[in-house]
Engineer: 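The structure follows.
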Amino acid sequence: MATPLSPSSPSALQKIAVVGLGTMGTGITEVLVRAGREVTGIDISEAQAASCVAALETSTARAVERGRLTDQERADALARFRTATDLSAAADADLVIEVAPESYEIKQQIFRELDGIVRPETILATGTNALSVTRLAADSSRPERVLGLHFFNPAPAMKLVEVVSCVLTAPQAVAAVTDLAIELGKEPVAVGDRPGFVADGLLFGYLNQAAAMYEAKYASREDIDAAMRLGCGLPMGPLALLDLIGIDTARTVLEAMYAASRDRLHAPAPILKQLSEAGLTGRKAGRGFYTYEAPGSATVVRDALTPLEGSGLTPGRPVRSVGVAGSGTMASGIAEVFAKAGYEVVLAARSEEKAQTAKARIGKSLARSVDKGRMTAEAASQTLERITPAGSYDAFADVDLAVEAVAEDLEVKRQLFVALDKVCKPGAVLATTTSSLPVVACARATSRPQDVIGMHFFNPAPAMKLVEVVRTVLTADDVHATVREVCGKIRKHAVDCGDRAGFIVNALLFPYLNNAIKMVQEHYASLDDIDAAMKLGGGYPMGPFELLDVVGLDVSLAIEKVLHREFRDPGLAPAPLLEHLVAAGCLGRKTGRGFREYARR
């Protein structure tokens, strides 16, 4: 249900018990009381119950200050809430929502006790995101009334609710809980019973791979997080998110996912176990992947792993002029970026006409910036004047940095580097913008592999802040330093990584996209539900299928194949559904049809 539905009549679920008054239980309680429900909060700890009351008083007072509640509405909401330390307080509930710790033993004990307390028609919902709803239901005396109701943290702010049914669940129970979720102002998605459901099922595999990438010392924690924020528009980097979720919690979810799937991508990275067992569980402990000001604080403080600004870099080579090879969108975008930063740019293509067309494209882009007030007409004119189109790479004879942005084909790139090796002056830095091919293969095509480096811009280059700087084992220190300095001058955020398939962003992004395709292929959830789940539950700017259609299914398949070939992990094998769509010519928006159909322009 990617689009909100309207229930046919007000929900019959008016009296609700919430079992477990930690962060999630407190958040769910706030949502319920503000929506007019009578709520009994149950926790074996009187201190935890008192903490929940205090948190509700604080959050509702803040809502009054912000004009979201009146004083009377706040008073009414607080009056609808009472606490208890015994499950017998749930006797008159229409719905019980259990959000106890992620343990079968604890949850089964709660459900067994509730069987003897609640009415036969009372719905029992578990808030688990890692354990089997089917197993919990099977242990109940009335399995048909048991389902999963998975809210996201913080519950008052997050719109997504996953409604989880299993083979034992009665459709009437699902319908009643779905209606309730809509009345609460949430967007429910219907999912089946498997660890992680949709949002966490996709999210935790990605988080696990990020942890493994860090553990392998492939990139720093800061660079991994910056790459995913700036390269994918995510609200948080994966390692910071693991610290927020709790590394122990993430490990529990991944263990459950791996037990069900046996997919190595879900096998918890050893570092998660090491940190968990050391008590370094993230923000709540004051230390996880990062170190925090205090337990529970969101403020990151410097530690032994924090990089020192500007330290350890060899001085770079001087760069005054830049050559950009190519005539497509990426080449013209990169040329625009350098020209805006004051560099003299030679834009070379296979013909003078193609180069002139690329420069004209830049002129239109600059004109749009002027129209939007982002730059003056004079600055746009000066930027365009710095770009010299050329129909031959011979025009690169005097450039200090040559950046290729031609077709993503290794033989095409190798031939270009052979040409650059002959044309460019000694000491010129030669960079490839490849997103998936080995940089060292381009370097070996030259007589100066020490001068070759990867400089992976993201599309559209003028707007995207990230550049992945890719060193090979042959790249000279001063070449690396040169590119880092240039990134600063063109106002891009550089992240360092080694020369392996996918670098940082694509190596983490495309397995996530591939897993989303597998969910649809296995009829576990619909395209719309998966896209809604990731946007609403994960804060992603686009759902996976929206993104796949924008990137192009053929491009996505090519990157998946490169990743699978490099890492030899069966879990990275491209989903057959993706291969079938590409074979049918359904490549996404550019062909009018991919996972969805688009109006022809």
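What you see is a predicted model, and the numbers here were worked out from it, not measured in a lab.
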Engineer: As a quick check of understanding, evaluate salt bridge (Lys or Arg N to Asp or Glu O under 4.0 Å) for Asp409 and Arg414, giving each step before the final call.
Structural biologist: CA-CA 9 Å; Asp409 179 298; Arg414 283 173 59 87; over 6 Å; no

Engineer: Do Leu202 and Met534 touch side chain to side chain, with heavy atoms closer than 4.5 Å?
Structural biologist: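 With C-beta onward as the side chain, the pair touches.
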
Engineer: Check this for me: does any side-chain nitrogen of one of Arg320 and Asp398 sit under 4.0 Å from a carboxylate oxygen of the other?
Structural biologist: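 Salt bridge flag = no for Asp398 with Arg320.
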
Engineer: Just by modelled atom types, is the Glu353 backbone N or O under 3.5 Å from a matching donor or acceptor in the Thr357 side chain?
Structural biologist: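 Indeed, once roles are kept as given, a pair shorter than 3.5 Å links the two residues.
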
Engineer: Could you check Leu254 against Leu272 for side-chain contact (heavy atoms from CB on, under 4.5 Å), going step by step and ending with a plain yes or no?
Structural biologist: CA-CA 10 Å; Leu254 285 163; Leu272 298 178; 3.6 Å; yes

Engineer: Which distance, rounded to the nearest 0.5 Å, do you find between the SG of Cys424 and the CZ of Phe417?
Structural biologist: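 Going from SG on Cys424 over to CZ on Phe417, the span is 9.5 Å.
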
Engineer: Look at Asp400 together with Lys425 and state whether they make a salt bridge at an N to O cut-off of under 4.0 Å.
Structural biologist: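 Yes, charged N to carboxylate O under 4.0 Å.
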
Engineer: Show, in sequence, the C-alpha distance, side-chain angles and deciding distance for Glu408 and Ser436, and conclude whether the side-chain contact (heavy atoms from CB on, under 4.5 Å) test is met.
Structural biologist: CA-CA 8 Å; Glu408 191 74 348; Ser436 59; 2.9 Å; yes

Engineer: Mark yes when over 12 heavy atoms from residues, nucleotides or ligands other than Arg596 sit less than 6.0 Å from its CZ; otherwise mark no.
Structural biologist: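 It does: Arg596 CZ has more than 12 such atoms within range.
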
Engineer: Is any side-chain heavy atom of Phe152 less than 4.5 Å from a side-chain heavy atom of Leu536?
Structural biologist: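 No - every pair of side-chain heavy atoms lies 4.5 Å or more apart.
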
Engineer: If we ignore hydrogens and angles and just use 3.5 Å, is the side chain of Glu468 paired with the main-chain N or O of Ile504 as donor and acceptor?
Structural biologist: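 Checked: pair present.
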
Engineer: Taking everything shown except Gln450 itself, do over 12 heavy atoms lie less than 6.0 Å from its CD?
Structural biologist: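 For Gln450, atom CD is crowded (more than 12 foreign heavy atoms under 6.0 Å).
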
Engineer: Find the distance between SG (Cys586) and CG (Asp549) and round it off to the nearest 0.5 Å.
Structural biologist: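 If we round to the nearest 0.5 Å, Cys586:SG and Asp549:CG are 9.5 Å apart.
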
Engineer: Looking at OG1 of Thr314 and CG of Asp478, how far apart are the two atoms once the value is rounded to the nearest 0.5 Å?
Structural biologist: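 Result: 7.0 Å between the selected atoms.
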
Engineer: Between Tyr540 and Tyr512, how do the two ring planes meet: parallel, tilted or perpendicular, split at 30° and 60°?
Structural biologist: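 It falls in the tilted class, 30° to 60°.
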
Engineer: Does the side chain of Val439 come within less than 4.5 Å of Phe503's, by heavy atoms?
Structural biologist: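 Yes - at least one pair of side-chain heavy atoms lies under 4.5 Å apart.
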
Engineer: Just by modelled atom types, is the Val337 backbone N or O under 3.5 Å from a matching donor or acceptor in the Lys492 side chain?
Structural biologist: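 Absent.
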
Engineer: Please report the interatomic distance CE(Met455) to OG1(Thr433), rounded to the nearest 0.5 Å.
Structural biologist: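 These two atoms lie 10.0 Å from each other.
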
Engineer: For Asp421, does its backbone N or O pair with a side-chain atom of Arg448 as donor and acceptor, under 3.5 Å?
Structural biologist: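 Yes, because the side chain of Arg448 sits within donor-acceptor range (under 3.5 Å) of the backbone of Asp421.
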
Engineer: Atom CG in Leu587, atom CG in Leu548: separation rounded to 0.5 Å?
Structural biologist: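 Result: 12.0 Å between the selected atoms.
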
Engineer: Using modelled atom types and a 3.5 Å cut-off, is there a donor and acceptor pairing between side-chain atoms of Arg350 and backbone atoms of Gly326?
Structural biologist: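 Not at all, since once roles are kept as given, no pair shorter than 3.5 Å links the two residues.
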
Engineer: Which heavy atom in Ala325 sits nearest to a heavy atom in Tyr393, and how many Å separate them?
Structural biologist: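 Smallest interatomic distance, heavy atoms only, reads CB-CE2, 3.6 Å.
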
Engineer: Please tabulate, for the side chains in residues 559-575, all donor-acceptor contacts under 3.5 angstrom to protein atoms that are two or more places apart in sequence or on a different chain.
Structural biologist:
residue	atom	partner	partner atom	Å
Glu566	OE2	Ala501	N	3.1
Arg568	NE	Arg565	O	2.8
Asp569	OD1	Gly571	N	2.8

Engineer: Any non-hydrogen side-chain atom of Thr482 less than 4.5 Å from a side-chain atom of Val319?
Structural biologist: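 Yes. Closest side-chain heavy atoms under 4.5 Å.
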
Engineer: So which atom in Ala380 and which in Leu366 form the shortest heavy-atom distance, rounded to 0.1 Å?
Structural biologist: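 Closest approach of Ala380 to Leu366, heavy atoms only: O-CD1, 3.7 Å.
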
Engineer: May I have the list of side-chain donor-acceptor pairs in residues 223-247 shorter than 3.5 Å, sequence neighbours left out?
Structural biologist:
residue	atom	partner	partner atom	Å
Asp223	OD2	Asp496	N	2.9
Asp225	OD1	Leu239	N	2.9
Asp225	OD2	Ala240	N	3.1
Asp225	OD2	Tyr290	OH	2.7
Asp243	OD1	Phe289	N	2.9
Asp243	OD2	Phe289	N	3.2
Asp243	OD2	Tyr290	N	3.0
Asp243	OD2	Tyr292	OH	2.7

Engineer: Can you tell me how far apart CG (Leu420) and NZ (Lys413) are? Round to the nearest 0.5 Å.
Structural biologist: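 Going from CG on Leu420 over to NZ on Lys413, the span is 11.0 Å.
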
Engineer: Does atom CZ (Arg287) have a neighbourhood of more than 12 heavy atoms from anything else shown, all under 6.0 Å?
Structural biologist: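 At most 12 heavy atoms, drawn from other residues, nucleotides or ligands, come within 6.0 Å of this atom.
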
Engineer: Show the numbers, then the answer: is there a salt bridge (Lys or Arg N to Asp or Glu O under 4.0 Å) between Glu336 and Lys340?
Structural biologist: CA-CA 6 Å; Glu336 179 182 333; Lys340 276 180 177 173; 3.0 Å; yes

Engineer: Identify the heavy atoms of Ala219 and Tyr214 that sit nearest to each other, and give their distance.
Structural biologist: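 For Ala219 versus Tyr214, the nearest heavy atoms are O-CD1, 3.8 Å.
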
Engineer: Quick one: are Val429 and Val483 in side-chain contact, heavy atoms under 4.5 Å?
Structural biologist: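 Heavy-atom side-chain distance check passes, below 4.5 Å.
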
Engineer: Which atom pair, heavy atoms only, marks the closest approach of Lys489 to Tyr343?
Structural biologist: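 Minimum heavy-atom contact is CD-OH, 3.2 Å.
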
Engineer: Checking Thr475 side chain against Val452 main chain: does a donor-acceptor pair fall under 3.5 Å?
Structural biologist: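 Checking the backbone N and O of Val452 against the side chain of Thr475, a donor-acceptor pair under 3.5 Å is found.
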
Engineer: Where is the tightest heavy-atom contact between Gly316 and Glu485, given as atom of each residue plus distance?
Structural biologist: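 Where Gly316 meets Glu485 most closely, the heavy atoms are N-OE2, 3.0 Å.
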
Engineer: Before giving the answer on side-chain contact (heavy atoms from CB on, under 4.5 Å), spell out for Val406 and Gln415 the whole-Å C-alpha distance, their side-chain angles and the decisive distance to 0.1 Å.
Structural biologist: CA-CA 11 Å; Val406 299; Gln415 288 174 12; over 6 Å; no

Engineer: Within the side chain of Glu215, is there an N or O that forms a donor-acceptor pair under 3.5 Å with the backbone of Ile271?
Structural biologist: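 Present.
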
Engineer: Ignoring hydrogens and geometry, is there a side-chain-to-backbone donor-acceptor pair from Arg589 to Glu597 under 3.5 Å?
Structural biologist: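 No, because the side chain of Arg589 does not come within donor-acceptor range (under 3.5 Å) of the backbone of Glu597.
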
Engineer: Is a donor on one side and an acceptor on the other found under 3.5 Å between the side chain of Arg317 and the backbone of Gly427?
Structural biologist: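 Yes; judged by distance alone, with no hydrogens or angles, the pair exists.
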
Engineer: Do the charged groups of Asp303 and Arg221 touch, with an N to O distance under 4.0 Å?
Structural biologist: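 Answer for the salt bridge query: yes.
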
Engineer: Answer yes or no: is there a side-chain heavy-atom contact under 4.5 Å between Phe545 and Leu513?
Structural biologist: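 No, too far: nothing below the 4.5 Å cut-off.
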
Engineer: Got Leu508 and Gln209 here, is their nearest side-chain heavy-atom distance under 4.5 Å?
Structural biologist: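 The answer is yes; the side chains approach within 4.5 Å.
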
Engineer: Taking all non-hydrogen atoms of both residues into account, name the closest pair between Ala358 and Ser332 and its distance.
Structural biologist: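 What the structure gives for the nearest pair is O-CB, 3.9 Å.
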
Engineer: Would you call Cys442 and Thr434 a side-chain contact if the rule is heavy atoms closer than 4.5 Å?
Structural biologist: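 Not touching, per the 4.5 Å side-chain cut-off.
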
Engineer: Does Arg302 CZ have over 12 foreign heavy atoms under 6.0 Å away?
Structural biologist: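 Atom CZ in Arg302 is packed in, count exceeds 12.
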
Engineer: How far apart are the C-alpha atoms of Cys497 and Val469, what are their side-chain angles, what is the distance that settles it, and do they pass the side-chain contact (heavy atoms from CB on, under 4.5 Å) test?
Structural biologist: CA-CA 6 Å; Cys497 54; Val469 177; over 6 Å; no

Engineer: Going through the distances and angles, do Asp371 and Lys364 end up as a salt bridge (Lys or Arg N to Asp or Glu O under 4.0 Å)?
Structural biologist: CA-CA 10 Å; Asp371 290 343; Lys364 289 178 181 176; over 6 Å; no

